[in-house]
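A short write-up of the structure that comes next.
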Amino acid sequence: MLSDLDFSIRSGETIGILGATGSGKSSLVSLISRLYDVSEGSVTVGGVDVRDYDLDTLRNSVSVVLQKNVLFAGTILENLRWGKEDATLEECREACRMACADEFIESFPDGYETKIEQGGTNVSGGQRQRLCIARALLKDPRILILDDSTSAVDTATDAKIKKALKETAPEVTKLIIAQRVSSVKDADRVMVLEEGRIDGFDTPDRLVQTNEIYRYLVQMQSGGGSDFDDELRSDHFTDYNMEDGDNE
Ligand SMILES: Nc1ncnc2c1ncn2[C@@H]1O[C@H](COP(=O)(O)OP(=O)(O)OP(=O)(O)O)[C@@H](O)[C@H]1O
Ligand SMILES: [Mg+2]
């Protein structure tokens, strides 16, 4: 459970969120779109308590790509338009370019008319993630939340997506939950969560100086960053927790 959180994020900022599994990353971002409500204190967006927004309005301005992304049975285009019913093909293409999904879609014989099977089982995990990001972008959100949404995408493509987001949607506030330090190294600020509390929240440059967990992750993942497979990565997180688990 989360506790003692007090921070604010400026509109248009890109915020990276790092932390061990179970540290509260998903819980934290869930408070924004009100999947959960706070039991004490408040969460405000644009100076207004999230509980005072019309829920549809709030959820329309917050696009969330969850860890477990889903695609439904239908064409790629239909899946994309779930984000915005009346999106033109050109708008869909633009969103796919930003999410680095255009290349693989165009390599399919049926392109945007390719049929996706229930759950998206006929595309790879990384392709599925990119389609879900494109769909989230089509909603033209004020706040975009990516919860571990590029874990199945290679490091280079991940960097390309983050760069495109920064350049093409500078006004959108982005919250990027990641396992890889490389995913958040260009964020304006990075929040390090541990056991539901903020362990550090600063620019990546300053965190390297001041935050042990961040420094540990940088060391762990530097050099062969892209060689870490997911399992190995979570092992390191777990190791870290065991070694430093002094706060009960
Ligand atoms: N629906 C829920 N009901 C009760 N407790 C929950 C629920 N979801 C998560 N938790 C607890 O809240 C804490 C934070 O979970 P959360 O999912 O936010 O972690 P996380 O940082 O996103 O982890 P991961 O990297 O594995 O996704 C965990 O201790 C978890 O057991
Ligand atoms: Mg999570």
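Counting convention: from 1, in listed order, for ligands and their atoms alike. Atoms considered below: every heavy atom in the structure, side chains included; atoms not considered: hydrogens, waters and symmetry mates.
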How far is [atom] from the closest protein heavy atom, and which atom is that?
| atom | value |
| --- | --- |
| atom 1 (N) of ligand 1 | Tyr36 OH, 3.1 Å |
| atom 25 (O) of ligand 1 | Lys25 NZ, 2.6 Å |
| atom 5 (N) of ligand 1 | Met1 CE, 3.6 Å |
| atom 26 (O) of ligand 1 | Thr21 OG1, 2.5 Å |
| atom 15 (O) of ligand 1 | Ser27 OG, 3.6 Å |

| said: Looking at Thr157 and Val153, would you say the former's side chain and the latter's main chain have a donor-acceptor pair under 3.5 Å? | reply: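 Not confirmed, Thr157 side chain does not pair with Val153 backbone.
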| query | Okay, side chain of Arg142, backbone of Ser61: is any donor-acceptor separation there less than 3.5 Å? | reply |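 Not at all, since once roles are kept as given, no pair shorter than 3.5 Å links the two residues.
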Short list, please: which atoms of ligand 1 are under 4.0 Å from a heavy atom of [X]?
| X | answer |
| --- | --- |
| Gln179 | 25 (O) |
| Ser23 | 19 (O), 21 (O) |
| Ala20 | 21 (O) |
| Ser26 | 17 (O), 18 (O), 20 (P), 22 (O), 27 (O) |

When you measure from [atom] to the protein, is at least one non-hydrogen atom found at a distance under 4.0 Å?
| atom | answer |
| --- | --- |
| atom 28 (C) of ligand 1 | yes |
| atom 7 (C) of ligand 1 | no |
| atom 31 (O) of ligand 1 | no |
| atom 3 (N) of ligand 1 | no |

Hydrophobic clusters here meaning ILVMFWY residues chained together by side-chain heavy-atom distances under 4.5 Å, can you tell me if [X] and [Y] are in one?
| X | Y | result |
| --- | --- | --- |
| Val184 | Leu217 | yes |
| Leu146 | Ile143 | no |
| Tyr36 | Leu28 | yes |
| Leu71 | Trp82 | no |

| task | Give a yes-or-no answer on whether the side chains of Asp49 and Thr44 include a donor-acceptor pair shorter than 3.5 Å. | result |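 Asp49 vs Thr44: no donor-acceptor pair found between side chains.
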| So, Asn60 versus Thr57: side-chain donor-acceptor pair below 3.5 Å or not? |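 Looking only at side-chain atoms, Thr57 and Asn60 do not form any donor-acceptor pair under 3.5 Å.
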| field | Any N/O pair Gly24/ligand 1 closer than 3.5 Å | value |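 Yes, Gly24 has an N/O under 3.5 Å of an N/O on ligand 1.
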| Can you find an N or O of Gly22 that's nearer than 3.5 Å to an N or O of ligand 1? |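 Between Gly22 and ligand 1 (N or O atoms, distance only) the closest approach is under 3.5 Å.
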| query | Picking from Ile15, Leu207, Val190, what satisfies side-chain contact (heavy atoms from CB on, under 4.5 Å) with Phe201? | reply |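 With Phe201 as partner, Ile15, Leu207, Val190 yield a single side-chain contact (heavy atoms from CB on, under 4.5 Å), made by Ile15.
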| Would you call Glu94-Arg97 a salt bridge at under 4.0 Å N-O? |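 A salt bridge is present here (some side-chain N lies under 4.0 Å from a carboxylate O).
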| said: Test side chain to side chain donor-acceptor pair (under 3.5 Å) on Glu195 and Ser23; report intermediate values, then the result. | reply: CA-CA 4 Å; Glu195 303 194 348; Ser23 60; over 6 Å; no
| message | So that I can check it, does any N, O or S atom in Ser26 come closer than 2.8 Å to the Mg ion (ligand 2)? | response |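 Yes - counting backbone and side chain alike, Ser26 has an N, O or S atom under 2.8 Å.
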| query | For ligand 1, is any non-hydrogen atom under 4.0 Å from Ser30's backbone (N, CA, C, O), its side chain (CB onward), both, or neither? | reply |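 It is neither part, as no heavy atom is under 4.0 Å.
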